[in-house]
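Scroll down for the structure; my scribbles are underneath it.
Chain identifiers are assigned alphabetically (A, B, ...) following the order of the sequence lines, protein sequences preceding nucleic acid strands; residue numbering begins at 1 within each chain. This structure is a prediction, so every number in the text was calculated from the model and none was measured.
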Number of protein chains: 2
Amino acid sequence: MSKVKSVLNPSRGELLDLLEEGLITRSLIVIFARCKVHYDGRAKSELGSGDRVVMVKPDGTFLVHQKEKREPVNWQPPGSFISFHVEDDSVVIRSLRKKPREILEVELEDVYMAAIFRAEDYEALALTGSEAEMLEMLFNNPELIEPGFRALAKEKDIGRGIVDLLGRDSGGNLVVVELKRRKADLHAVSQLKRYVEALRKENENVRGILVAPSITEGAKKLLEKEGLEFRAIKPPKREKRGWGRQTTLF
Amino acid sequence: MSKVKSVLNPSRGELLDLLEEGLITRSLIVIFARCKVHYDGRAKSELGSGDRVVMVKPDGTFLVHQKEKREPVNWQPPGSFISFHVEDDSVVIRSLRKKPREILEVELEDVYMAAIFRAEDYEALALTGSEAEMLEMLFNNPELIEPGFRALAKEKDIGRGIVDLLGRDSGGNLVVVELKRRKADLHAVSQLKRYVEALRKENENVRGILVAPSITEGAKKLLEKEGLEFRAIKPPKREKRGWGRQTTLF
DNA sequence: TTGTACATCTCGGGT
DNA sequence: ACCCGAGGTGTACAA
């Protein structure tokens, strides 16, 4: 059995057969078609007739892409249930999600191409430069925050949220560190402030430090007004070594 | 010229020809292939060999989808520049974004299908149930917040951010309203608190009201502790009437 | 360009 | 199931 089957300008019968085979074999399905799209769930939307790419993944993911933008114009997340039927002379693909209840319907008016793909993939993305790696770096090298800084805990749940990094400075003050892998904004300052204020209820001399590669003007002003601090640090990028399934060295 | 061209198991020459035609005619390109993916930019990633769907849109958007999840495993946003070349016996598609500088390379090891699609689409999504519509509703019907409430401004930029809705209550107090179209969380409370504190520097008796369909436990506790208020209101869903290009009535 | 906040955010991790 | 926060977030909008 081949990995891919495709039909150009399929008849209704060919289309239905291919869709059925795609679903049964848990293939990934791609359709080029003129269609309308109806969605109702957390919000509600209508999309008039036009040419789009429809993709259905074997995990239930449903995507409708227009010819522009990174984001699908309509979609359904993994775990949704797909079905199709004929209605008023056109094939309709329906995706149902329960909880929250959401329904997505694509009304295929003219199908230019339909294809199914039995994709085999056992690899996962190995990414570096994340906030998690930034945290690991600072936890292992606390002096990067400032001389004399000692790390106490990471990802610590205080009642008012989860603090990235908790430590003490050379003067014995409690220090809350909030990390951002990109330019810090007002949101980041509010977050740090929330943690600092929560800890100040039970501790004296609590400092708050926002660590990010840079900070917006507005955020900087708010930060200073609140007596909080900023340290410019960029997220580290690991080298290729040590990626993926790490082979034990002996 | 037809809307779609596709080739199954293309030879290198067929693939290169189709890619070139796709780029020149500003078509949307979809490829089913076993490939590796390399990314470097804001972060850095590697993805080992596996079967994926590659999509290139005429606006420069680049997507690599695995067989699961809603999100592409790698991508490049609109405005990126695409090119391709042959390297070590395989075809490589490269997408370059300047600012921030980011490069994405897909190394095609085995192409099962390639297709190009001259999509025509003049329709835009009409969506209802957004926060913007919630705001409009409350601005026009301020009594929904509470009896005697009068709206003063919406989307108002105070120094510390942009307030959703500003008004006065029956007692003449300034009221800041923060809207959320879904369950409000700690972030929402922090946001509201930031606005309230900024306004309290120049006004007395400032109230803060969080308006959302519901609220998380943690957020509720913080809200009450801070003397802020909550009103349960759901975002409205418009009916079909009045969607899309609204024709002037005379 | 920068700043700010929404999103049918999605996704993962924790409890 | 809920809660919480990151994300190469993307996207729109305003200054």
Side-chain angles (χ1 to χ4, degrees), chain A residues 39-45 61-62 68-78 80 97 99-104 125 127-132 134-135 155 157-158 160-164 178-188 190-191 194-195 214-221 235 237, chain B residues 39-45 61 68-78 97 99-104 125 127-132 134-135 155-164 178-188 190-191 194-195 214-221 235 237:
Chain A
Y39 157 74
D40 196 357
R42 288 169 290 178
K44 191 172 187 225
S45 73
T61 301
F62 197 123
E68 293 179 340
K69 303 286 170 184
R70 203 210 80 140
E71 292 303 301
V73 63
N74 282 108
W75 72 92
Q76 205 74 289
S80 305
R97 180 194 195 185
K99 233 202 171 246
R101 192 163 194 86
E102 296 191 288
I103 189 164
L104 181 63
L125 189 72
L127 183 137
T128 184
S130 64
E131 189 191 283
M134 216 173 150
L135 176 57
E155 302 287 337
D157 194 336
I158 64 181
R160 298 284 180 273
I162 300 156
V163 168
D164 281 336
E178 172 60 31
L179 302 182
K180 287 293 167 230
R181 70 168 306 288
R182 59 173 183 175
K183 184 183 273 204
D185 56 12
L186 286 174
H187 189 120
S190 287
Q191 207 179 330
R194 166 154 46 95
Y195 303 148
S214 58
I215 185 167
T216 67
E217 265 310 310
K220 195 178 173 197
K221 265 171 67 175
K237 283 187 192 174
Chain B
Y39 158 74
D40 196 357
R42 287 169 291 178
K44 192 172 186 222
S45 74
T61 300
E68 294 180 339
K69 304 288 169 183
R70 204 209 79 140
E71 291 303 301
V73 63
N74 279 110
W75 72 91
Q76 208 71 291
R97 180 194 194 184
K99 244 221 151 215
R101 191 162 194 88
E102 297 192 287
I103 190 165
L104 181 63
L125 189 72
L127 183 139
T128 184
S130 64
E131 189 191 285
M134 215 173 151
L135 176 57
E155 303 285 338
K156 173 84 176 160
D157 194 336
I158 65 180
R160 299 282 179 272
I162 299 157
V163 168
D164 280 337
E178 172 59 31
L179 302 182
K180 286 294 163 222
R181 71 167 307 286
R182 57 174 185 169
K183 185 182 275 206
D185 56 12
L186 286 175
H187 283 327
S190 288
Q191 203 179 337
R194 165 153 47 94
Y195 303 149
S214 59
I215 184 166
T216 66
E217 265 310 309
K220 196 179 172 196
K221 265 172 66 175
K237 283 186 193 176

| Sugar-phosphate, base or nothing in reach of A:Arg194, heavy atoms under 4.0 Å | sugar-phosphate
| note | When rounded to the nearest 0.5 Å, the distance separating CE of A:Met134 from NZ of A:Lys180 is 9.5 Å
| request: Under 4.0 Å between any heavy atoms, over every strand shown, what does B:Gly41 touch: base, sugar-phosphate, or nothing? Just pick one. | output: nothing
| query | OH of B:Tyr39 versus P of D:dG7: gap in Å, rounded? | reply | 12 Å
| remark: A:Glu217 atom CD is separated from C:dT4 atom P, nearest whole Å, by 9 Å
| field | With B:Asp157 via side chain to side chain contact (heavy atoms under 4.5 Å, CB included) - residues at least two apart | value | B:Ile162
| query | Between the main-chain N or O of A:Ser80 and the side-chain N or O of A:Glu102, is there a donor-acceptor pair closer than 3.5 Å? | reply | no
| task | For D:dA6, take OP1 and OP2 only and decide whether either is under 4.0 Å from a side-chain N or O of A:Gln191. | result | yes
| field | 5' priority, DNA chain D, between B:Leu104 and B:Lys183 [closest heavy atom] | value | B:Lys183
| task | Tell me which nucleotide among D:dC4, C:dA5, D:dG8 gets nearest to the side chain of A:Leu127. | result | D:dG8
| Quick one: is D:dG8 close enough that its OP1 or OP2 comes under 4.0 Å of any side-chain N or O from B:Ser45? | no
Nucleotide N/O of nucleotides 10-12 of chain C paired with protein N/O under 3.5 Å:
from	atom 1	to	atom 2	distance (Å)
C:dT10	OP1	A:Arg42	NH2	3.0
C:dT10	OP1	A:Trp75	NE1	2.9
C:dT10	OP2	A:Arg42	NH1	3.0
C:dC11	OP1	B:Arg70	N	2.8
C:dC11	OP1	B:Glu71	N	3.2
C:dG12	OP2	B:Lys69	NZ	3.0

| query | Nearest of C:dC6, D:dG5, D:dC3 to any side-chain atom of B:Asp164? | reply | C:dC6
| request: Would you mind reporting whether A:Pro78 and B:Glu68 have side-chain heavy atoms less than 4.5 Å apart? | output: no
| Mind checking the P distance from C:dT8 to C:dT4? Whole angstroms is fine. | 23 Å
| Is a side-chain N or O of A:Arg181 found less than 3.5 angstrom from the main chain of B:Arg42, in a donor-acceptor match? | yes
| What is the distance from CD1 of A:Ile162 to C1' of C:dG13, rounded to the nearest Å? | 8 Å
| B:Leu186 CG to D:dC2 P, straight-line distance once rounded to whole Å | 16 Å
| message | Heavy-atom nearest nucleotide on DNA chain D for B:Asp157 versus A:Glu131: which residue maps closer to 5'? | response | A:Glu131
| query | What integer distance in Å separates A:Asp185:CG from C:dT2:C1'? | reply | 12 Å
| said: Side chains of A:His187 and B:Gln191, heavy atoms from C-beta outward: is any pair under 4.5 Å? | reply: no
| query | Below 4.5 Å, heavy atoms only, C-beta onward: do A:Pro72 and B:Arg70 meet side chain to side chain? | reply | yes
| What's the CD-P distance between B:Glu155 and D:dA15, to the nearest Å? | 11 Å
| task | For B:Arg160 and for B:Arg181, find the nucleotide of DNA chain C with the closest heavy atom, then tell me which residue's nucleotide is more 5'. | result | B:Arg160
| field | Separation of the C1' atoms in D:dG8 and C:dG14, to the nearest angstrom | value | 25 Å
| query | Base, sugar-phosphate, or nothing for B:Tyr195, non-hydrogen atoms under 4.0 angstrom? | reply | sugar-phosphate
| said: Please report the interatomic distance CG(A:Asp185) to NZ(A:Lys220), rounded to the nearest 0.5 Å. | reply: 15.5 Å
| said: Rounded to whole Å, please give me the gap between CD in A:Gln76 and C1' in C:dT8. | reply: 9 Å
| field | B:Lys99 side-chain proximity, nearest of C:dA5, C:dT2, D:dG8 | value | C:dT2
| task | Report yes if a side-chain nitrogen or oxygen of A:Lys44 is closer than 4.0 Å to either non-bridging phosphate oxygen (OP1 or OP2) of C:dT8; otherwise report no. | result | no
| Non-neighbouring partners of B:Leu186 that pass side chain to side chain contact (heavy atoms under 4.5 Å, CB included), sequence neighbours left out | A:Arg194, B:Leu222
| message | From CE of A:Met134 over to C1' of D:dG7, roughly how many Å is that when rounded to an integer? | response | 14 Å
| query | Would you say B:Thr216 reaches D:dC4's phosphate, i.e. side-chain N/O to OP1/OP2 under 4.0 Å? | reply | yes
| request: Assign each of A:Ile215 and A:Asn74 to its nearest nucleotide of DNA chain C by heavy atoms, then name whichever residue's nucleotide is nearer the 5' end. | output: A:Ile215
